[in-house]
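Below: the structure, in structure tokens.
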Amino acid sequence: MLARILLFLVTAALLLPTSVLAEAAPGDSRLADLLEDEQARTALIEELRRGAAETEAAQAEEAKPAASFPGRVAQLTQSLAEGAVTEVEAAVQSGRVAWHQLKAADLMDLTLQMGLLAGLIAATLVTLWLLSWVARFAYRRLNGYAFSRTGTVGVIRRGVAIVSSLIIDVITVLLAWLAGYAIALFVLGASGQMTTQTTLFLNAFLIVELLRAAIRLIFSKRWSGLRPVPLTDEEAAYWTAWTTRMAVFLGYGLLFVVPVVNQSVAPELGRTTALIIVFMAFLKGVALIMQNRKRVKQRLTTLAERMETGFAQISLNLIAKTWHLVALIYLAAILGTTVLFPAQALPFMLTATVQTLIAGMIGIALSAFLTRVILRRIHLPEDTRDRFPQLEERLNAYIPTTLKITRFTILAIVAGVILDAWTPFSLTAWVVSDSGSLIISKIVAVTLIIGFTLVLWLVIASWIEFKLNPATGNGEPNPRARTLLTIFRNAIAIALIVMTVMVVLAEIGINIGPLIAGAGVLGLAIGFGAQKLVQDVITGVFIQLENAVNVGDVVTAGGMTGTVERLTIRSMGLRDLSGTYHLMPFSSVDVVSNYMREFAYHVGEYGVAYREDTDQVIARLRDAFAELRSMPEIAPNILGDLEVHGVTALADSSVNVRVRIKTAPGMQWAVGREYNRLVKRHFDAAGIEIPFPHMTLYFGEDKAGQAPPAHVLLEAHDPDHEDSDSTAQPRISRFRARSNPKFKGDFDEGEE
């Protein structure tokens, strides 16, 4: 039934080449005939009254105060119902007028005009078919070119081939369109003149065929190398067929049939025709979407599983779940716009759709390109990697984040363009407005500030890394340089973070004056309450600047001696000889004694018995040093000859001789231990006594100064009466006095 109505409308439109109401001059006889016709005159009067009523209603509506949301919904529903009834009545009345005009028209003239228009349509379509047949040779070569290489070069070639095929397709359509114009101007009808129907058809032909060219670009059912979407040949043919049918039906119906009906019959009948066309397309579109909902979802889900980035996987999974809803909303928007705004529906929907498609395609292309860039690592030259070992990793950590932010920016721009297409929001007007310019300028400024900070930090960190790298040719950095550069890097990082945050806050419009004042007051309060902490930091800075201590040094600080394992700007960690770890703040360090600066000394003081010859003792000390210097594991750590200071003291039971050996820093203890071992061995070999503590026993004397002999009884050692722990310590010989206890004698402790 609907097809028959459309056939009647198209026939009536073609049989009425001009609109009586639009093109009749005041003195034209057709206007008089129209006014003499009672039904036509009645329709004209009703149309004028309806227009006046709509104008008055619009003015009254503007004068009314704004209604609530439920009230607006009720008014919209009421206006839709009333408008639908009015449109139906006007369409019926316009159909009656068109029928009377059709009966009164000259059939020969109308048949001739229909034949000429049909000939133009046939000639234009045949020209397009011939040009498309010739273009197939170019498509075949482009398809082979797209498959000629793989990898990145293959992707670039495929993109070039797809764009080239689109250009060829557009040129083909333009040539057929120009050929149609030439046929209409110089072959059909009067030379140099065109009818309204001819112009409308050629314009509709251009728009529809360009839309079909876009469809061929997306699906490309014949040439898989020119197909940007991952579809099989069967799927590409299926979607090409349905989308092409919809484009032809809607395009020629809304761009050719409806305007012809509007101009030749009446606008009311044209609006009704447009509603019928859109409603039929809406029903077919809904059926098509629901039929392919699961299949498209499955394909998108499979494609998401092959993606290498999380963003692409999430996006494709979201699209797979909601694509049919978006498509249904799009079809409903077309139908609603056509019903509510019939005059502006077609231009608005075409413009919005094309703008959305272009923005989406550009956004997807840029996103795909950035995704490939993100997945590729940055590789620096080997010489640069040797000098800056961490620079490549640092760049590979920064670049993906920057590219992700760029991709998010592209997504925001695409969303803005789509909103601009479908809503009253105007992206261009917002950009040139004061608020838009302010927001964009602030975003750009913040981006530049953060980018400059990152570049500055990259340079500073790379320079510190270069200084700490022993492969740069400057050798292994000393502990002091390593400690100072590490502290400097941490301080620079904190300073950059604080300054960047402050500048960004100031740039986005936040008043940082109170923040700085509050930070100053807080810092003052912390300074008073944490004087010890401030003292720790200041003392630590000067200790580091004066190179008093470095990690790995053996020092005495704060009453503790040990190896420095950790240095910060506030404290120092020591590990003593027993393995105990001591953490001491610098404020408790008054004096630092460093045993590892440039060189060290082993100072040895050796006591011998009074009966020994000191010259012979010194000679034996030199012999021990000579043997020490001949040892390959010790000799590199000895920096000078043996220094003999001579006899330094005549002690209670020994004569002390002091020597000194200059050693490498930190090796004085190892050298001293080995030298002591050799001295003991040389003294034993020479019979030089190293005295040990002894005591004198006084037994008394008589008036003559004589002391009787002391009778000492030596008890033999009896192993049978040995205690159970006798093997642990040897028994000491004992003596007993058998006579007068008043005697005198000297015994060394431990002698028999």
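In what follows, every heavy atom counts, from backbone to side chain, and hydrogens, waters and symmetry copies are set aside.
- Remark: the backbone N or O of Glu689 is paired with a side-chain donor or acceptor of Glu612 at under 3.5 angstrom.
- In terms of heavy atoms, Val555 sits closest to Val564 at CG2-CG2, 3.6 Å.
- Met572 places none of its side-chain heavy atoms less than 4.5 Å from the side chain of Arg566.
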Next item on the list: Report the C-alpha distance between Phe452 and Val503 in whole Å, list the side-chain angles of each, state the deciding distance to 0.1 Å, and finish with yes or no for side-chain contact (heavy atoms from CB on, under 4.5 Å).
Entry: CA-CA 12 Å; Phe452 175 77; Val503 174; over 6 Å; no
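- Between the OG1 atom of Thr500 and the CE atom of Met502 there is a distance of 11.0 Å, given to the nearest 0.5 Å.
- Taking every heavy atom of both residues into account, Ala651 and Asn656 meet most closely at CB-ND2, 4.0 Å.
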Check: Where do Tyr606 and Val659 land on the side-chain contact (heavy atoms from CB on, under 4.5 Å) test, with the steps shown first?
Finding: CA-CA 8 Å; Tyr606 304 97; Val659 298; 3.8 Å; yes
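- Within the model, atoms OG1 of Thr406 and CG of Leu411 stand 12.5 Å from one another, a figure rounded to the nearest 0.5 Å.
- Counting only heavy atoms from C-beta outward, the side chains of Lys321 and Leu300 never approach each other to under 4.5 Å.
- One finds the CZ atom of Phe408 at 12.0 Å from the CD1 atom of Ile410 (value rounded to the nearest 0.5 Å).
- Interatomic distance, Ile688 CD1 to Gln616 CD, rounded to the nearest 0.5 Å: 4.5 Å.
- Without hydrogens or angle criteria, Asp684 side chain to Arg681 main chain gives no donor-acceptor distance under 3.5 Å.
- Under 4.0 Å is where a charged nitrogen must lie from a carboxylate oxygen, and between Arg629 and Asp641 at least one such pair does.
- The number of heavy atoms from other shown groups lying within 6.0 Å of CD (Glu633) is above 12.
- Asn676 places a side-chain N or O within 3.5 Å of a backbone atom of Gly672 that can act as its donor or acceptor partner.
- Between the CG atom of Leu574 and the OG1 atom of Thr561 there is a distance of 8.0 Å, given to the nearest 0.5 Å.
- Of all the heavy atoms in Ala609 and Pro691, the pair that sits closest is N-CD, 3.4 Å.
- Judged by distance alone, with hydrogens and angles left aside, the side-chain atoms of Lys662 form no donor-acceptor pair with the main-chain N or O of Ile638 at under 3.5 Å.
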Notebook entry, point to check: Checking salt bridge (charged side-chain N to carboxylate O under 4.0 Å, His left out) for the pair Arg620/Asp623: CA distance, chi angles, key distance, verdict?
Noted result: CA-CA 5 Å; Arg620 295 294 177 265; Asp623 293 342; 3.6 Å; yes
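- A donor-acceptor distance shorter than 3.5 angstrom exists from the side chain of Asp613 to the backbone of Asp615, with no hydrogens or angles considered.
- In this structure, Ser588 contributes its side chain and Pro585 its backbone to a donor-acceptor pair below 3.5 Å.
- Residues Ser653 and Tyr610 share a closest heavy-atom pair of C-CE1, 3.9 Å.
- Judged by distance alone, the side chains of Asp576 and Tyr581 never bring a donor and an acceptor atom under 3.5 Å apart.
- Side-chain N or O atoms of Ser462 include none that pairs as donor or acceptor with a backbone N or O of Val459 at under 3.5 Å.
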Margin query: For Arg660 and His602: C-alpha separation, side-chain torsions, deciding distance, then whether side-chain contact (heavy atoms from CB on, under 4.5 Å) applies.
Written below: CA-CA 6 Å; Arg660 191 170 72 171; His602 164 66; over 6 Å; no
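- Contact annotation: the side chain of Arg622 approaches that of Val644 to within less than 4.5 Å [non-hydrogen atoms, C-beta and beyond].
- Residues Ile497 and Trp457 form no side-chain contact, since every pair of their non-hydrogen atoms from C-beta on lies 4.5 Å or further apart.
- Residues Val647 and Val655 are in side-chain contact: their nearest non-hydrogen atoms beyond the backbone lie under 4.5 Å apart.
- Within the 3.5 Å criterion, the main-chain N or O of Leu621 finds a donor-acceptor partner in the side chain of Tyr675.
- Using a 4.5 Å heavy-atom threshold, the side chains of Val603 and Ile661 count as separate.
- What you find for Gly552 and Met596 is that their closest heavy atoms are O-SD, 3.6 Å.
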Next item on the list: Applying side-chain contact (heavy atoms from CB on, under 4.5 Å), run through Ile690 and Lys680 and close with a yes or a no.
Entry: CA-CA 9 Å; Ile690 300 176; Lys680 174 65 169 60; 4.1 Å; yes
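- Within the 4.5 Å cutoff, side-chain heavy atoms of Arg677 are placed close to those of Glu674.
- Contact annotation: the side chain of Thr648 approaches that of Glu605 to within less than 4.5 Å [non-hydrogen atoms, C-beta and beyond].
- Under 3.5 Å, the side chains of Tyr595 and Thr556 contain a donor-acceptor pair of N or O atoms.
- Dense packing is recorded around CE of Met631, with more than 12 heavy atoms of other residues, nucleotides or ligands lying under 6.0 Å away.
- Residue Gln668 holds its CD atom at 10.0 Å from CZ of Arg673, rounded to the nearest 0.5 Å.
- Nearest heavy atom pair, residue Val592 against residue Ala548, reads CG1-O, 4.0 Å.
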